[in-house]
Each structure stands twice: as structure tokens, then as C-alpha cells.
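One structure is given below, encoded as C-alpha cells.
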Number of protein chains: 2
Amino acid sequence: MLPIDIKHLVDQYIELSFSVNKSGESLVRDQMNDDMTSDQHYTLRYIYQAKSCTPSDLAKRFQVKKSAITAMMNRMWKKGWVQRTRDEKDRRVVYLTLTEAGEALYMKTEEKIHHLVGSILNNFEQEELGQFLSTYQKLHRVLEDINKNK
Amino acid sequence: MLPIDIKHLVDQYIELSFSVNKSGESLVRDQMNDDMTSDQHYTLRYIYQAKSCTPSDLAKRFQVKKSAITAMMNRMWKKGWVQRTRDEKDRRVVYLTLTEAGEALYMKTEEKIHHLVGSILNNFEQEELGQFLSTYQKLHRVLEDINKNK
DNA sequence: ATAAATAGTTCATTTATTTAACTATTAAAC
DNA sequence: GTTTAATAGTTAAATAAATGAACTATTTAT
């Protein structure tokens, strides 16, 4: 596929992914309400899209231990953004859902982020962006595969 | 540039950047020695490439407050990876450099990361990768611009 | 010579994380 | 069916990373 000496391409990718990430995260953080972190927003997003999920789902998605999710849920529960309900059939399982306040906050913040990302992507021609996202998607699959077989 | 309704492109980008990041970080972490974190490796990398830098340089690059750098340097100094020396001309300034142990550890870890990233990028044709990196680079510049004017 | 700016540190607090030990519940083995 | 395994989640102690405010030391500007 690639030539033998791909060192400079690897260097470039490492440098770019680091920088783009750092700047991107910084801009995303600017859209947040003062009492929320980006991790918390991503968590709200996951629960919102799933409508309801378990701590184990979150742990898998965010690639952290379940105890980290417990701690995160405690913080977000204290702020009144999430609810916990036990499964009646399997009493071990906990279902996480957003409260009205949690959903409202998510929607508000997500709208700002969409606006931000939209204004960034607006700097690209549709074809260039499509090509980029297609390769990005492929990269995603490659990483998933590696992570699966480990 | 883009059509009016770019909502799904924005969604796709948000989803992909989150996922690729999470999986990528997870794989990078796997290359690390048990007594080091990825943040610490990125810090070693910056100092190595700069040969010598100040806490302020690091704070700017990593977009954190200087006190965060002090704490990071304390941790890394305890492990014997970095040295601090005062500027003789301007006694306020501190120069950070890697110790031999720090450099050796950096080299060892960076080699593993290069190998990993190489094996990932190897899944792409040279042209596709080149196009991808070119757009990524442009994205980087766009983000830099936004971050500059804020 | 005094005031303002800069470089860095300290300290208290918060968030996010891991590991190990634990509770409660369900599923499997025999 | 009862004992054993596995699963879902929590608790608690420890560490890393970050912020913000107050502080020291030094240099630059007025």
C-alpha cells in the first residue's frame, strides 16, 4: 500500500491528530455551560441518543471501568441531569435516563456545538469534506478492528 | 461552500472525531510503560523536539494553565525524566530538558507508537492518505485561526 | 525609584480515572 | 434444587490532571 519509508506521514498524522484534538476540544469546551465539562456533555449525548442505557454500556463506549461511570453518574445525578431506575426483571441492572433539566441542557449545548462545527466545516468544499469523512470513517473501522482483536 | 443542510455531515464529523480519538488514545496508551501516561509521553515528546523549553511554552502548547505544568513537571521530575535549570540572564525563567533516562524512555515509547500508527496507516493507499492529511492540515489551520481570534 | 508586568510555584478544590474488595442478583453445573 | 459461576453495579483509597487565587521573585516601564 504505502512506500517503505512512511516515517514522515506517520509524524504528520501524529502531530495533526494531537493538534486538531487539542484545539477542537478547547473550542468545544468554550461552548459549555460553566457547570459542565465536555466529558459530561458527551455522556449526556450518549444517554440522549440511546434514550436509556446502562452503566455498562457507557463504560464500553467510553472505554473506562464501570466504577468511573458510577462516579460520573454520581456527579451528574447531584446536578439533577440523570436518573437511575432498576430493571424489574433483572434487579442487577440499572437504567440511566436524562431528566428534563438534563435533556434541556444537552439540547442547548449540542446546538452550540453543531453551530461551531458547522462553521468550521463550512471552510471546505463539499467534495473535499465528503472524501475526508469517507477516509475518516475507514480509519474508524480500522481502529475498531484493532481494538476488537486485542 | 457547503449546502444549506449540513446537519448530517456535522453529526458524522462529531461522531467520528469522538470515536477515532477514543480508540486511538486507547491504542496509544497500550504502548506506554506502566509508570507513564499518554499526557506524560506527549510532554516528553514536546521537550525532546524543542530540546529545551519553558513551562510557559508547554502551557501554551497544551492549552492549560502554568500551574498544571508545574504539577506535571513535579511528577515527571520525581521519576527522573526531566531537569529544571534557571536562566542566568533572566532568573524568572526555567528551562526544562530531558534527562538521559527521560530521553531513553521517550525514544523507546515513541518507536512503539510509530510502529502502531504505521501499521494503521498501512491500510490506506498513498493517494487517499495524502488527500486525507492535506484536508486534515487545512482543518488544523482553520482551528488555529479560530483559537487565535478568541 | 516606584509601579506594572512576567515567570513560575503553592495550595485548595474538582474531575476523571484505576484497582481491589464488596453486595446483590441471576445463570449454570451437577 | 442447592451450590457455584458469572454479571451488574457500587464503594473506597489512590493517582493524574486541571483550575483559580494568592504568592514570590525578577525584570521592564514610567
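For Asn74(A) and Val93(A), each mapped to the nucleotide of DNA chain D holding its nearest heavy atom, the one lying further toward the 5' end belongs to Val93(A). For Lys66(A) and Tyr95(B), each mapped to the nucleotide of DNA chain C holding its nearest heavy atom, the one lying further toward the 5' end belongs to Tyr95(B). When each of Met73(B) and Ala68(A) is assigned the nucleotide of DNA chain C bearing its nearest heavy atom, the one mapping closer to the 5' terminus is Met73(B).
Distance, Met72(A) CE to dT10(D) P: 14 Å, rounded to whole Å. Note: CZ (Phe62(A)) to C1' (dT17(C)) measures 14 Å, nearest angstrom. Between Lys22(A) atom NZ and dA18(D) atom C1' the separation is 11 Å, expressed in whole Å. Ile69(A) has its CD1 atom 15 Å from the P atom of dT11(D), to the nearest Å. Note: CG (Leu58(A)) to C1' (dT17(C)) measures 15 Å, nearest angstrom. Computed from coordinates, the Trp77(B) CH2 to dG8(C) P distance equals 18 Å when rounded to whole Å. Between the CD atom of Gln63(B) and the P atom of dA17(D) there is a distance of 17 Å, given to the nearest Å. With rounding to whole Å, Arg61(A) atom CZ is found 14 Å from dT17(C) atom P.
Glycosidic conformation of dA5(D): syn, with the torsion inside 90° of 0.
Base contact: Ser67(B) has a heavy atom under 4.0 Å from a base atom. Residue Arg84(B) is classed as a sugar-phosphate contact, given heavy-atom separations below 4.0 Å to backbone atoms only. When heavy atoms are screened at a 4.0 angstrom cut-off, Thr37(A) is found touching the sugar-phosphate backbone but no base atom. In this structure, Thr70(A) reaches the bases: a heavy-atom distance under 4.0 Å links it to at least one base atom across the strands shown. Using a 4.0 Å heavy-atom distance criterion, Ala71(A) is classed as a base contact. Within 4.0 Å of Arg86(B), counting heavy atoms only, lies no atom of the nucleic acid at all.
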Tabulate atom names and distances for all N/O pairs under 3.5 angstrom spanning the protein and nucleotides 26-30 of chain D.
residue : atom : partner  : partner atom : Å
dT27(D) : OP1  : Lys89(B) : O            : 2.9
dT27(D) : OP1  : Arg91(B) : N            : 2.9

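Applying the 6.0 Å contact sphere to NZ of Lys138(B) captures more than 12 heavy atoms from other residues, nucleotides or ligands.
Within the 4.5 Å cutoff, the side chain of Tyr13(A) has no heavy atoms near those of the Leu129(B) side chain. Residues Thr43(B) and Met73(B) are in side-chain contact: their nearest non-hydrogen atoms beyond the backbone lie under 4.5 Å apart. Contact check for Met72(B) versus Phe62(B): no side-chain heavy atoms found under the 4.5 Å cut-off.
Using a 4.0 Å cut-off between charged side-chain N and carboxylate O, Arg61(A) and Glu15(B) make a salt bridge. A salt bridge links Lys7(A) with Asp11(A): the distance from a Lys NZ or Arg NE/NH1/NH2 to an Asp or Glu carboxylate oxygen falls below 4.0 Å.
With rounding to the nearest 0.5 Å, the separation of CZ in Arg29(B) from CD1 in Ile113(B) is 12.0 Å.
Within the shown strands, dT30(D) is the pairing partner of dA1(C) under the Watson-Crick or G-U definition, both distances less than 3.5 Å. Summarising the base pairing, dA5(D) is matched to no nucleotide, lacking a Watson-Crick or G-U wobble pair whose two defining distances lie under 3.5 Å.
Set against dA7(C), dT19(D), dT15(C), the side chain of Arg75(A) has dT15(C) as its closest nucleotide. Looking at the side chain of Lys65(B), the nearest of the listed nucleotides dT18(C), dG20(D), dT9(C) is dG20(D).
With sequence neighbours excluded, no residue forms a ring pair (Phe, Tyr, Trp, His ring centres under 6.0 Å) with Tyr95(A).
The six-membered or imidazole ring of Tyr42(A) lies near that of Phe18(B), with a centre-to-centre distance under 6.0 Å.
In terms of phosphate contacts, Ser56(A) brings no side-chain nitrogen or oxygen within less than 4.0 Å of OP1 or OP2 of dT7(D). For the OP1/OP2 pair of dA16(C) and a distance below 4.0 Å, the side-chain nitrogens and oxygens of Gln40(A) include at least one atom meeting the criterion.
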